[in-house]
Amino acid sequence: MFTITCFPLSFCAGLRTSLRISLLLPALLASGVWAQTDVVTPSDTHSSTQHEQQQSESSQSSAVARLLQKMASVPHTLNYKGSFTYQHKDNPALQSYRILHWVEDGVEHERLQQLNGTEREFLRSGKAIGCETLGDQLLQGKVSQLGANIARLDQLYRFEIRGPERVAGRDATALLALPIDGFRHSLLLTIDNETGLVLKSWLVDESARALERYQFIDLELNPDITAFQQQPVAQTQRSTISQLSECNPAGLKQPEHWLIDWVPPGFAFVGQRKVRSQIEMLMYTDGLTTFSIFIEPTEAAIPEGVAQRGATLAVMDSLSIKGKNYRITVVGEIPVVTAQKIAQNIKGS
């Protein structure tokens, strides 16, 4: 067994939540992913019932598409600040965070501040407005232009509108995303009716157990940007650029130097970067779920096993190529069997 280390992990959990709020979920889907069912003229009672069912399904699909279209087009353009709570299965204590999000010169910026315990902060610069990453294209169902046979999200998840909710004093709609296969987790999202922001999220495993959840407790739109831009940053802080892949890619690419023989259906390679000079990081997404593969050359003994904190899972394995040993670590919000299968299907190219 080994330990997942981060900045610390509880803070990284808040960061993942921040990413989901401001970049991933606001672009969750556009209406293009929803296949429309042709209407067949009924010839008898059975076909009439079937026709009504098709109409109901089409109406539900259209309602989901409208809701998700707002998520795709509005939140990343907003200026807002808010506070939210975060909790995961391994620690019942609530963690509190403040998020500050604004657009300046056409580019998203964000500050995520931890409010419990040691003062920590994460500063992030996002993508330019109008830039579509590969993940964005998958979310919007733009698979044909990528020149590859990639499944649409509605072929990977079954979406259900669960009804109205009220979160942080705002009217919202609950949306359930259930995976069709066993390679990813379920999500229950509560989406603000006015802005499309995700005000509450539950990530649930195959046993219907909540792995992690966050919920806004207050939200202010169009705050004084200058005021929080000028706030001093915490002594413990980290900055990054959230861009993971190129803007508006014309097709799919593959990792350099590595061959990944198996990933779950619908996942595509997003990008590759060096971490700490020697570690290769490969990133994948299906548009809603993400995972990363870390490949590190080592001469030390390589432990194998599984570690999990909340929704974050890490599977470690070993790989030997031409007498050289590598530590393989798959990290993501995916089931154990998925991560293990990915780790066991990595080769040098």
Side-chain angles (χ1 to χ4, degrees), residues 2-20 23-25 88 122 124 126-127 133-136 138-139 150 156 183-185 187 203 211-212 238 240-246 249 252-298 302-319 326-349:
F2 59 95
T3 302
I4 308 173
T5 58
C6 200
F7 178 63
L9 186 62
S10 60
F11 186 66
C12 289
L15 173 61
R16 291 195 315 275
T17 301
S18 162
L19 289 167
R20 185 179 299 137
L23 293 180
L24 180 59
L25 292 179
H88 64 79
F122 200 98
R124 185 162 53 85
K127 64 185 180 182
T133 65
L134 176 61
D136 295 329
L138 292 176
L139 291 170
I150 298 293
L156 304 174
F183 299 128
R184 55 210 100 209
H185 293 310
L187 271 168
L203 187 67
L211 297 175
E212 70 174 19
R238 180 176 292 181
T240 189
I241 296 175
S242 63
Q243 190 72 25
L244 298 181
S245 62
E246 63 181 299
L252 296 179
K253 295 183 179 180
Q254 297 299 326
E256 295 181 0
H257 313 303
W258 301 100
L259 178 63
I260 314 302
D261 274 351
W262 183 87
V263 295
F267 278 89
F269 174 65
V270 174
Q272 183 172 352
R273 66 175 59 170
K274 285 277 190 180
V275 181
R276 300 176 192 166
S277 74
Q278 284 193 320
I279 304 175
E280 292 279 359
M281 178 183 180
L282 315 180
M283 295 159 283
Y284 287 80
T285 184
D286 68 357
L288 180 56
T289 300
T290 62
F291 68 84
S292 298
I293 303 171
F294 297 87
I295 305 173
E296 177 185 8
T298 182
I302 301 174
E304 297 182 6
V306 178
Q308 187 166 9
R309 180 98 181 263
T312 301
L313 174 83
V315 166
M316 185 176 288
D317 208 336
S318 59
L319 176 66
Y326 296 87
R327 178 185 291 111
I328 305 296
T329 309
V330 179
V331 180
E333 296 177 345
I334 52 179
V336 174
V337 293
T338 305
Q340 289 175 330
K341 190 170 182 179
I342 294 167
Q344 294 164 2
N345 283 274
I346 299 174
K347 300 178 182 177
S349 62

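- Side-chain N/O atoms of E304 and S318 include a donor and acceptor closer than 3.5 Å.
- The shortest side-chain heavy-atom distance between M283 and R273 falls under the 4.5 Å cut-off.
- Enclosure of atom NZ in K347 is not indicated, since only 12 or fewer non-hydrogen atoms of other residues, nucleotides or ligands lie within 6.0 angstrom.
- A distance below 6.0 Å separates the ring centres of Y284 and F269.
- Between P264 and F291, the closest heavy-atom pair is CD-CE2, 4.2 Å.
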Which pairs would a plain distance check flag for residues 334-346, meaning a side-chain donor or acceptor within less than 3.5 Å of a matching protein atom at least two apart in sequence or in another chain?
| residue | atom | partner | partner atom | Å |
| --- | --- | --- | --- | --- |
| T338 | OG1 | F183 | O | 3.2 |
| N345 | ND2 | K341 | O | 2.6 |

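- No side-chain heavy atom of I279 sits under 4.5 Å from any side-chain heavy atom of I295.
- Expressed to the nearest 0.5 Å, how far CD of Q254 lies from CG of L259 amounts to 8.0 Å.
- Judged by distance alone, the side chain of Q308 and the main-chain N or O of G310 form a donor-acceptor pair under 3.5 Å.
- For the atom pair CD1 (I260) and CZ (F267), the distance works out to 13.5 Å, reported to the nearest 0.5 Å.
- Nearest heavy atoms, H185 versus E333: CD2-O, 3.4 Å.
- Closest approach of M316 and R327 over heavy atoms only: CE-CD, 3.5 Å.
- Side-chain atoms of Y326 and F294, non-hydrogen and from C-beta on, never get closer than 4.5 Å to each other.
- In this structure, the side chains of L288 and R184 stay at 4.5 Å or more apart for every pair of heavy atoms.
- Nearest heavy atoms, S292 versus M281: OG-CE, 3.5 Å.
- With hydrogens and angles left out, the side-chain atoms of E296 and Q278 include no donor and acceptor closer than 3.5 Å.
- V315 has its side chain out of reach of T329: every pair of non-hydrogen atoms, C-beta onward, lies at least 4.5 Å apart.
- Remark: E256 CD to Q272 CD distance equals 5.5 Å, nearest 0.5 Å.
- Within the model, atoms CG of L211 and CG of L187 stand 10.0 Å from one another, a figure rounded to the nearest 0.5 Å.
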